[in-house]
Amino acid sequence: MSSYESDFLRVLESRGFIHQVSDAAGLDALAKKNELVAYVGYDCTAASLHVGHLISIMMLHWLQQTGNKPIALMGGGTTRVGDPSGRDETRKLLTYEQIDANKNSIKRVFSNFLSFGEGRGDAVMADNAEWLTTLNYIEMLREVGRHFSINRMLTMDSVKLRLEREQELSFIEFNYMILQSYDFVELARRYGCNLQMGGSDQWGNIVNGIDLGRRMGTHPLHALTCPLLTTASGAKMGKTAAGAVWLDAGMLSPYDYWQFWRNTEDGDVVSFLKLFTLLPLAEIERLAALGGAEINEAKKVLATEATALVHGRPAAEQAAETARKTFEEGSVAANLPTVEVARAELEAGLGVLTAFAEKTGLVASNGEARRQVKAGGLKVNDATVTDEKRVLGLKDLGGDGVIKLSLGKKKHVLIKAV
């Protein structure tokens, strides 16, 4: 039985989103009256968001679905400084042009989760560059900086951990928590925002914003954080050997995205269905009851539903069908990721290590390719590679004009001669 009365907090609690809440009763009362205006901030450090951002995007989605107003805040200003939270070293500073390009690129993903418009419950996309880049430094120190205690700032995890490890923390990074706190105040003034959400590593920064709002005379502000996800085996959610799991189809194909979810560990399937799909809890309970080999059916449902949210239902179903043909029929599915190679290069001979590392990116380096050959992990046209000096040529092209390269049982790329 939920301790909450509002639909919003009941949904978040039942699906596993809640880690910490600053004032549960006050927040519940606002949500029950559909008076929540909540934001999550996203810095523009890359051209795409990744799976690690999904949990907070889903929180914004459920906020809107339960009758409240979400704000997706682009960090056009804060990205110029760099968030030190959870990092051992200073972020590389990007040019303003890079930040703007990243910002425009990552905006696209939100339209899959939120409904934007001018109405009371419609989502808003704001950019903190609008107010942060116009601040006068002296005025900022007088109006905002005077409310911050250095003693308290030094106790924040993002600062304390760096200092304990004797790792450099630049002055520009030290200012990040002040800017994030000021964002909360500015959004409260401009949009009536009364809740900031984020990962549990942001708790200190969010609470600073609540305190700054109180000192600068805003209405009461609230904090809600979600757990920082790790997989059942303890790995960081969304990180793979090949790097981040991007949400942009141009950086990671829908098929590879589907495969990421299909490869979920058994112990994570139920929690991921709750967090990363819109399936009703009753259906998730039915899938949770599947045991043994049937758990793979639940993983396929997870993969298809999660992919449909980001890439659309048709792309998700095509990815599922591609996987079925590849794994169950053993055929070469035309929808597998494809890399074009000049016909002349195949005529001259393409080294197998180069094909796997440089051409397709199935492995990170030639050295990794050698290790996989020794372990029997690489295949060409479903035949295990036993000689690291093997050369691919026109003779390896199948009847459909492609060479199928495989890493293990689940990663495949086609080489097409052009």
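Residue numbers run from 1 in the order of the sequence given. If you're wondering where the values come from, they're calculated on a predicted model, not measured in any experiment.
Aromatic ring pairs are classed by plane angle as parallel below 30°, tilted from 30° to 60° and perpendicular above 60°; the pair His53 and His50 is tilted.
Looking at Asn194 and Leu36, their side chains come closer than 4.5 Å, going by heavy atoms from C-beta outward. Under the 4.5 Å side-chain criterion, counting only non-hydrogen atoms from C-beta, Met58 is not in contact with Leu275. By the 4.5 Å heavy-atom criterion applied to side chains, Ser22 and Leu27 are not counted as neighbours. You'll find the side chain of Thr66 stays beyond 4.5 Å of the side chain of Ser6, heavy atoms only. Val269 is not listed as a side-chain neighbour of Leu287, based on a closest heavy-atom distance of 4.5 Å or more. Counting heavy atoms from C-beta outward, Asn128 and Glu186 have side chains that stay 4.5 Å or more apart. Annotation: side chain of Phe272 is not in contact with side chain of Leu54 (no heavy-atom distance under 4.5 Å). Within the 4.5 Å cutoff, no side-chain heavy atoms of Cys226 are placed close to those of Met197.
For the residue pair Glu368 / Ser365, no side-chain donor-acceptor distance below 3.5 Å is found, with atom types taken as modelled. With 3.5 Å as the limit, one finds no donor-acceptor pair spanning the side chains of Gln202 and Gln196. Checking Trp131 against Asp183 by side-chain atom types alone, a donor-acceptor pair falls below 3.5 Å. Between the side chains of Ser406 and His412, at least one donor-acceptor pair of N or O atoms lies under 3.5 Å.
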For this session: Determine, stepwise, if the pair Leu187 / Leu73 fulfils side chain to side chain contact (heavy atoms under 4.5 Å, CB included).
Result: CA-CA 9 Å; Leu187 289 170; Leu73 179 66; 4.0 Å; yes
For this session: Check step by step if side chain to side chain contact (heavy atoms under 4.5 Å, CB included) holds for Leu224 and Leu12.
Result: CA-CA 10 Å; Leu224 190 158; Leu12 258 57; 4.1 Å; yes
Exercise. Going through the checks in order, is the ring-ring contact (aromatic ring centres under 6.0 Å, His included) test met by Tyr39 and Phe184?
Worked result: CA-CA 8 Å; Tyr39 94 93; Phe184 204 172; 5.7 Å; yes
Exercise. Under the side chain to side chain contact (heavy atoms under 4.5 Å, CB included) criterion, do Leu353 and Arg370 qualify, and how do the steps go?
Worked result: CA-CA 7 Å; Leu353 301 183; Arg370 286 191 184 91; 3.7 Å; yes
Exercise. Hey, mind stepping through Thr264 and Leu302 against side chain to side chain contact (heavy atoms under 4.5 Å, CB included) and telling me if it holds?
Worked result: CA-CA 9 Å; Thr264 294; Leu302 168 63; 3.5 Å; yes
Exercise. Would Arg190 and Glu130 satisfy salt bridge (charged side-chain N to carboxylate O under 4.0 Å, His left out), going step by step from the backbone distance to the final call?
Worked result: CA-CA 12 Å; Arg190 291 176 182 233; Glu130 190 177 330; 2.8 Å; yes
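Among Ile403, Leu362, Leu407, the single residue meeting the side chain to side chain contact (heavy atoms under 4.5 Å, CB included) criterion with Val413 is Leu362.
Between the side chain of Asp127 and the main chain of Gly76, a donor-acceptor pair closer than 3.5 Å is present. The backbone N or O of Ala355 sits less than 3.5 Å from a side-chain atom of Thr360, completing a donor-acceptor pair. Without hydrogens or angle criteria, Asn263 side chain to Gln259 main chain gives a donor-acceptor distance under 3.5 Å. For the pair Ser271 (side chain) and Asp268 (backbone), a donor-acceptor distance under 3.5 Å is present. Remark: side-chain polar atoms of Glu13 are not paired, donor with acceptor, to backbone N or O of Arg10 under 3.5 angstrom. Between the side chain of Gln20 and the backbone N or O of Trp203 there is no donor-acceptor pair closer than 3.5 Å. Under a 3.5 Å cut-off, the side chain of Asp28 and the backbone N or O of Tyr4 do not form any donor-acceptor pair. Put simply, the side chain of Thr277 never gets that close to the backbone of Ala306: no donor and acceptor are under 3.5 Å apart. For the pair Asp256 (side chain) and Leu252 (backbone), a donor-acceptor distance under 3.5 Å is absent. Without hydrogens or angle criteria, Asp23 side chain to Gly26 main chain gives a donor-acceptor distance under 3.5 Å.
A search for side-chain contact (heavy atoms from CB on, under 4.5 Å) contacts involving Ala46 returns Trp246, not counting sequence neighbours.
Here the straight-line distance linking atom CD of Glu321 with atom CD of Gln318 works out to 9.0 Å at 0.5 Å rounding. Taken to the nearest 0.5 Å, the CG atom of Leu49 stands 10.0 Å off from the CE atom of Met251. For the atom pair CG of Leu9 and CD1 of Ile18, the computed distance is 5.0 Å after rounding to the nearest 0.5 Å. Between the CD1 atom of Ile57 and the CE atom of Met59 there is a distance of 12.0 Å, given to the nearest 0.5 Å. Between atom SG of residue Cys44 and atom CG of residue Asn102 there is a gap of 6.5 Å, rounded to the nearest 0.5 Å. The CD1 atom of Ile99 lies 9.0 Å from the OG1 atom of Thr78; values are rounded to the nearest 0.5 Å.
By the 6.0 Å contact criterion, CZ on Phe116 is enclosed, its count of non-hydrogen atoms from other residues, nucleotides or ligands being greater than 12.
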For residues 307-316, which side-chain N or O atoms pair as donor and acceptor with protein atoms under 3.5 Å away, sequence neighbours left out?
unit_1	atom_1	unit_2	atom_2	d
Thr307	OG1	Ala303	O	2.6
Arg313	NH1	Glu305	OE2	2.9
Arg313	NH2	Glu305	OE1	3.2

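Considering all non-hydrogen atoms of both residues, Ala323 and Trp258 come closest at CB-CZ3, 3.5 Å. For the residue pair Val270 and Ala288, the shortest heavy atom distance occurs at CG2-CB, 3.4 Å. Nearest heavy-atom pair across Leu195 and Cys193 is O-SG, 3.5 Å. Here the closest non-hydrogen pair linking Leu281 and Ser14 is CD1-OG, 3.6 Å. Listed here is the closest heavy atom pair of Leu228 and Ser200: CG-OG, 3.4 Å. Nearest heavy atom pair, residue Phe276 against residue Ile55, reads CE2-N, 3.9 Å.
Checked against the 6.0 Å centroid criterion, the rings of Tyr42 and Phe110 qualify as a close aromatic pair.
Of the charged side-chain nitrogens involved, none lies within less than 4.0 Å of a carboxylate oxygen, so that Lys69 and Asp122 do not count as a salt-bridged pair. For the pair Lys299 and Glu265, the salt-bridge criterion is not met [side-chain N within less than 4.0 Å of a carboxylate O]. Taking 4.0 Å as the cut-off between side-chain N and carboxylate O, Arg286 and Glu283 count as a salt-bridged pair. Asp387 and Arg390 are not joined by a salt bridge, as no carboxylate oxygen comes within less than 4.0 angstrom of a charged side-chain nitrogen. Comment: Lys32 does not engage Asp7 in a salt bridge, judged by the lack of any side-chain N to carboxylate O separation of less than 4.0 angstrom.
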